[in-house]
Amino acid sequence: MGGRRMVERLKEKYEPGEIEEKWQRNWAAAELFKVEEDQDKPKYYCLEMFPYPSGKLHMGHVRNYTIGDVIARYFTMGGYNVLHPMGWDSFGLPAENAAIQRGINPALWTQQNIKLMQKQLTQLGLSYDWSREITTSQQDYYRWTQWLFLQLYKAGLAYKKKAAVNWCPSCQTVLANEQVVNGACERCDSEVIHKDLEQWFFKITAYADRLLENLEKLPGWPEKVKLMQENWIGRSEGVEVGFPLERGEGKVSIFTTRPDTIFGVTYMVLAPEHPLVEELLATAPNRKELEDFIGQVRKEDDLTRTSTETEKRGIFTGSYAINPLNGEKVPIWLGNYVLASYGTGAVMAVPTHDQRDFEFAKKYNLPLKVVIQSPRGDISVESMREAYVEDGTLINSGSFCGLNNQEAIEKISDFIEQEKLGKRRVNYKLRDWLISRQRYWGAPIPIIYCEKCGAVADENLPVVLPENVAFKPGGQSPLADCDSFVNTTCPTCGGPAKRETDTFDTFVCSSWYFLRYADPKNSEEAFAREKVDYWMGVDQYIGGVEHAILHLMYSRFFTMALHDLGLVGVDEPFVNLLTQGMVLKDGAKMSKSKGNVVDPTYIIDKYGADTARLFILFAAPPERDLEWSDKAVEGAHRFLNRIWRLVADWQDVLGSQKKQKSGEAEQELRRQAHLALKKVQEDLTDRFQFNTAISAIMELVNAAYHYREQAPNPDPTTVGEVVELLILMLAPFAPFISEELWTATGHEGSVHKQAWPQYDPAAIVVSEVTVVVQVNGKVRERLAVAVDATDAELEKLALASPRVQEFIGDKQIRKVIVIPKKLVNIVVA
RNA sequence: GCCGAAGUGGCGGAACCGGCAGACGCACUUGACUCAAAAUCAAGCGUGGCAAACCCACGUGGGGGUUCAAAUCCCCCCUUCGGCACCA
């Protein structure tokens with residue numbers, strides 16, 4: 001405990017506005033939260049997902065950053081060297097829209113917004129090391145985004161190809177699969193259409209297996225998020241089998257996870273986009289009908305096309321293939337329910353054991369053949385109402401008859417491979433990540449197209465985004481029209497060449513920002529490996545669950561790829577992940593359109609940041625959704641007032657030299673303080689239960705008020721210790737008032753640089769406990785008993801109670817269960 | 001349709017490994033202070049029974065089960081939220 005010095009009296013009233021502004025200034029001047037690598041302390045990297053600088057902080061941000069701040073401050077007090085940075089994910093459409101609609105320069109608009117938000121974050125009392133601030137739209141950052149892209153490009157992990165891609169007509173750009181939600185753009189909700197375009201991709205599928213397997217190495221991630229990623233990657237094992245065409249040389253390759261049902265194939269279905277279709281059309285007698293069908297299906301939008309609700313439709317092509325396992329002739333159909341983009345774009349159809357095939361076969365009167373019999377033996381074509389998809393025994397399957405179908409999957413796969421009919425294959429739902437965007441406000445893709453040399457990497461970085469461009473209301477990217485940008489020379493041959501005019505998806509920028517924080521000012525390289533290796537991985541990452549797939553999977557991919565290139569030591573970026581719940585008002589997410597938005601600035605102005613923080617931490621556990629309540633905010637404010645008055649009241653006692661007797665009341669108060677400390681510590685260490693930690697502090701304050709009532713002459717030693725502990729444990733939650741009270745109680749230095757206090761186990765010890773006595777499981781008596789009472793003594797005491805005897809009456813005692821220090825249960829019959 | 005999470009007072013929530021259900025806060029009621037109100041302090045506050053209780057019964061979405069003992073474990077069902085959605 002530091003020495004006390006004479007201090008000014010605290011004002012009677014708690015006035016957060018004044019003190020919060022004062023400490024904002026003092027902390028900034030003292031660079032209180034600046035960190036450097038330090039080999040003598042354990043490091044702790046605490047990170048919250050950085051925001052898009054919209055210019056206005058919303059409650060979701062407040063919650064996200066408050067949670068992170070409590071963790072950062074708690075670990076700092078716990079002796080860790082804590083990295084707690086903040087920055088801006090500042091490329092993106094809103095800046096460009098502002099330019100188009102209001103003629104504002106996007107860079108300037110972004111810069112202004114950043115200023116506004118910085119101020120709001122500072123007001124919240126967040127302990128960021130602002131010297132590490134990064135802005136993804138600035139050259140000193142995006143040149144390294146470009147550089148990292150080139151490293152992936154050279155490693156064969158970035159490529160350009162023509163493909164049917166998602167196009168948002170409103171945003172006027174392509175989208176990654178992950179950005180399409182129910183057939184609509186995740187940003188603006190417009191219906192997404194398909195376009196055949198040449199686009200840049202990252203080969204994330206090369207990491208599909210690792211992204212999946214590594215999930216097991218992430219025990220600190222919520223199961224929910226891991227499951228979502230697992231489903232998104234969508235790994236399935238099966239075999240790819242070639243069905244030779246009846247006429248001609250070709251064959252139709254299909255992918256199936258159910259090779260055990262291959263003897264039950266009665267037809268096959270191709271996607272209308274399948275490359276073989278054109279060939280089949282040439283010889284088809286019903287060519288016109290087929291073309292009509294294809295035209296119809298292709299016209300349908302994605303949502304209808306892929307909905308389970310949509311009726312399955314198909315048409316026979318007139319051609320046949322041969323089932324290579326039994327030589328049967330199999331008609332080839334086209335169908336709207338087969339996806340060109342998954343597997344081979346063609347399926348074998350087993351209507352008896354696949355529900356989709358069953359429905360299709362029933363509709364078009366295609367034959368059915370049972371090849372798996374249920375253990376009850378009741379499966380027959382005649383009695384079937386739906387496909388039989390359970391396990392069973394193989395029938396009608398040549399030499400494989402009699403096998404259990406699970407075994408048959410292996411045996412038939414082996415056979416297919418031996419006979420070279422096909423081979424085992426793993427398929428993924430995951431597609432490569434489409435990273436190019438037809439927008440202006442993003443990092444330019446550093447590629448130059450030369451007529452002689454083709455696509456050439458531009459190593460002369462940064463490729464600067466030109467500032468003076470014309471924004472047109474049409475919504476098209478102005479980069480393509482910017483001649484001074486487009487026209488350049490080829491780095492290889494020096495001849496005339498043109499630049500790529502697409503920019504990166506902003507998710508590319510945010511896939512490595514956590515690495516840059518380790519070395520944010522480096523102008524020679526993206527980051528020094530030793531600095532990144534010191535700070536990585538992120539010990540605690542905090543953000544909204546809406547990034548469960550997008551940002552969190554892209555960042556994992558990036559980290560793995562950079563690890564393989566030898567640029568970073570870790571291959572997983574985030575060790576522990578906390579996904580915080582939403583902030584609701586009237587049961588719904590706060591949104592402008594619903595008119596239920598509560599402005600954080602308004603709350604801070606009215607009650608102070610400490611109140612806002614305390615409310616948001618207290619109202620619900622962090623993972624759960626939080627319902628906003630004006631009344632509960634006032635409750636949080638009332639609590640801080642209560643602490644303020646207590647300390648103000650006791651200021652005289654603290655300064656007093658008078659020794660008072662330390663009696664039972666003092667001992668009890670001390671016990672409460674150390675109990676609270678233990679509870680807060682446990683709640684912050686094991687799991688981030690801020691709500692119960694705060695309730696423990698509230699109980700301590702209640703106990704202190706109780707003591708004040710009881711003891712007209714409070715003991716300065718006890719009061720001093722209790723107040724000191726109270727302020728220390730409040731510090732991570734409500735940093736401003738804690739700092740003010742810390743100073744006002746005569747301490748030197750910042751409360752936020754103090755070591756977390758250790759609770760005194762001796763202070764917590766009690767001599768007596770209350771033991772509950774039950775008769776047949778119902779509580780009938782409570783006894784005050786010595787803590788060290790033996791089981792036998794407890795039983796004796798319980799039976800001696802007249803009340804207990806009353807309930808036992810003349811019944812026989814069957815059993816007595818004794819749980820030391822807790823309970824005695826007497827079982828009677 | 002499939003996968004996952006959650007259902008506890010008037011409300012937000014607590015209850016760690018099966019051991020006193022409802023901590024803490026909000027709302028509400030009462031008392032003190034005040035001419036009065038607000039603020040503050042103190043006390044009460046699951047439902048039903050009773051004049052009342054320190055008494056009794058019931059009570060953690062519903063139904064069953066395991067156990068001396070279940071909010072907690074098992075089975076079935078209902079509701080809400082989230083994710084995926086013809087992935088062969």
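Computed from heavy atoms alone, side chains included, the values below leave out hydrogens, waters and symmetry copies. Chain letters run A, B, ... following the sequence lines, proteins first and then strands; every chain starts at 1.
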Which of the following nucleotides, B:A15, B:A27, B:C20, is nearest to the side chain of A:Q689? B:A15
Is the CZ atom of A:R814 crowded by more than 12 outside heavy atoms at less than 6.0 Å? no
Any chance the side chains of A:E178 and A:Y554 put a donor and an acceptor closer than 3.5 Å? yes
Measure the distance from CD1 on A:I254 to P on B:C86 and round it to the nearest whole Å. 20 Å
For A:I542, is there any backbone N or O sitting under 3.5 Å from a side-chain donor or acceptor partner on A:N64? yes
Taking any heavy-atom pair under 4.0 Å as a contact, classify A:F807: base, sugar-phosphate, or nothing. sugar-phosphate
Side chain to side chain donor-acceptor pair (under 3.5 Å) against A:E311, all qualifying residues, sequence neighbours excluded: A:K363
Quick one: which protein N/O atoms are closer than 3.5 Å to N/O atoms of nucleotides 9-12 of chain B? Pair and distance per line, please.
from: B:G12; atom 1: O2'; to: A:A619; atom 2: O; distance (Å): 2.5

Using the C1' atom as the point on both nucleotides, what is the distance between B:G9 and B:C16, in whole Å? 23 Å
A:S236 and A:Y342: side chain donor to acceptor below 3.5 Å: yes
In whole angstrom, what separates A:M582's CE from B:G82's C1'? 9 Å
Hey, is the side chain of A:R645 poking within less than 4.0 Å of OP1 or OP2 on B:A39, counting only N and O atoms? no
Return the 5'-most residue of the pair A:E699, A:R780 with respect to RNA chain B, ranking by each residue's nearest nucleotide. A:E699
Is the closest side-chain heavy-atom distance between A:M553 and A:L430 below 4.5 Å? yes
Atom CG of A:D625 and atom CD of A:Q580: how far apart are they, to the nearest 0.5 Å? 10.0 Å
Value in whole Å for how far the P atom of B:A39 lies from NE2 of A:H637: 12 Å
Report yes if the side chains of A:W333 and A:F360 come closer than 4.5 Å at any heavy-atom pair, otherwise no. yes
Scan A:T256 against the nucleic acid and name what it touches under 4.0 Å (heavy atoms): base, sugar-phosphate only, or nothing. sugar-phosphate
Can you say whether a donor on the side chain of A:K312 sits under 3.5 Å from an acceptor on the base of B:C86, or the other way round? yes
B:G10 versus B:G61 - spacing of their P atoms, nearest Å: 13 Å
I'd like to know if the side chain of A:T352 and the backbone of A:L368 have a donor-acceptor N/O pair within less than 3.5 Å. no
Determine whether more than 12 heavy atoms belonging to other residues, nucleotides or ligands lie under 6.0 Å from atom NZ of A:K251. no
I'd like a table of atom pairs between the protein and nucleotides 65-72 of chain B - only N or O on both sides, under 3.5 Å - with the distance next to each one.
from: B:C68; atom 1: OP1; to: A:K815; atom 2: NZ; distance (Å): 3.1
from: B:C68; atom 1: O2'; to: A:N825; atom 2: ND2; distance (Å): 3.3
from: B:C68; atom 1: O2; to: A:N825; atom 2: ND2; distance (Å): 2.7

Gap in Å between the two C1' atoms, one belonging to B:U47 and one to B:A21, rounded: 14 Å
Please classify the nucleic acid contact of A:V338 as base, sugar-phosphate, or nothing, using heavy-atom distances under 4.0 Å. base
What's the closest nucleotide to the A:N691 side chain, out of B:A14, B:C86, B:G25? B:A14
Taking atom CD of A:Q406 and atom CG of A:L394, what is their separation to the nearest 0.5 Å? 10.5 Å
Base, sugar-phosphate or nothing for A:F639? Non-hydrogen atoms, less than 4.0 Å. nothing
On RNA chain B, check which nucleotide each of A:G345 and A:R708 is closest to and give me the residue with the more 5' one. A:R708
Output the rounded distance in Å from CD (A:E12) to C1' (B:C41). 14 Å
Any side-chain heavy atom of A:Y759 within less than 4.5 Å of one from A:I764? yes
Note, A:Q355 side chain near A:E386 side chain (heavy atom, < 4.5 Å): yes
What's the CD1-P distance between A:I409 and B:A88, to the nearest Å? 12 Å
Give each stem of RNA chain B as a range with a range, requiring at least 3 consecutive Watson-Crick or G-U wobble pairs whose two distances are under 3.5 Å. B:1-7 with B:78-84, B:10-12 with B:24-26, B:28-32 with B:40-44, B:46-49 with B:55-58, B:61-65 with B:73-77
Quick note, A:T692 side chain, CB onward, closest among B:C86, B:A23, B:U40 is B:A23
How about A:E546 and A:M49: do any of their side-chain heavy atoms sit closer than 4.5 Å? no
Are the side chains of A:L684 and A:F733 in touch, meaning some heavy atoms are under 4.5 Å apart? yes
Show your reasoning for whether side chain to side chain contact (heavy atoms under 4.5 Å, CB included) applies to A:V370 and A:H353. CA-CA 8 Å; A:V370 175; A:H353 305 296; 4.3 Å; yes
Please work out if A:N427 contacts a base, only the sugar-phosphate, or nothing of the nucleic acid, heavy-atom cut-off 4.0 Å. nothing
Does A:K429 make a cation-pi contact with A:W232, if we ask for NZ or CZ under 6.0 Å from the ring centre and within 45° of the axis? yes
Determine, using ring centers only, whether A:F507 and A:W433 are less than 6.0 Å apart. no
Interatomic distance where CD belongs to A:E359 and P belongs to B:G1 [whole Å]: 13 Å
Would you say a side-chain N or O of A:Y337 is under 4.0 Å from OP1 or OP2 of B:A88? no
A:F639 six-ring face occupied by A:R642 cation (under 6.0 Å, within 45°): no
Say we look at B:U60 and B:A51: how far apart would their P atoms be, to the nearest angstrom? 28 Å
All N/O contacts under 3.5 Å from nucleotides 58-60 of chain B to the protein, with atom names and distances to one decimal?
from: B:C58; atom 1: OP2; to: A:K778; atom 2: NZ; distance (Å): 3.4

Can you tell me, in whole Å, how much space there is between the C1' of B:C75 and that of B:U66? 11 Å
N/O donor-acceptor pair under 3.5 Å between A:T317 side chain and A:I332 backbone: yes
For RNA chain B, which residues of residues 223-236 of chain A approach it to below 4.0 angstrom with any heavy atom? A:L227, A:M228, A:S236
Syn/anti state of B:C17 by chi, 90° boundary around 0: syn
Say you pick atom P in B:A38 and the same atom in B:U29; how far apart are they, in whole Å? 11 Å
Work out how far the P atom of B:A69 is from that of B:G83, and round it to whole angstrom. 42 Å
Whole-Å C1' distance, B:C58 and B:C50: 16 Å
Between NZ of A:K679 and C1' of B:A23 the distance, given in whole Å, is 9 Å
Atom pair distance, as rounded to whole Å: CZ in A:F358 and P in B:A88: 20 Å
Given B:A39, is OP1 or OP2 found less than 4.0 Å from the side-chain N or O atoms of A:R638? no
B:G9 glycosidic conformation (syn if within 90° of 0, otherwise anti) is syn
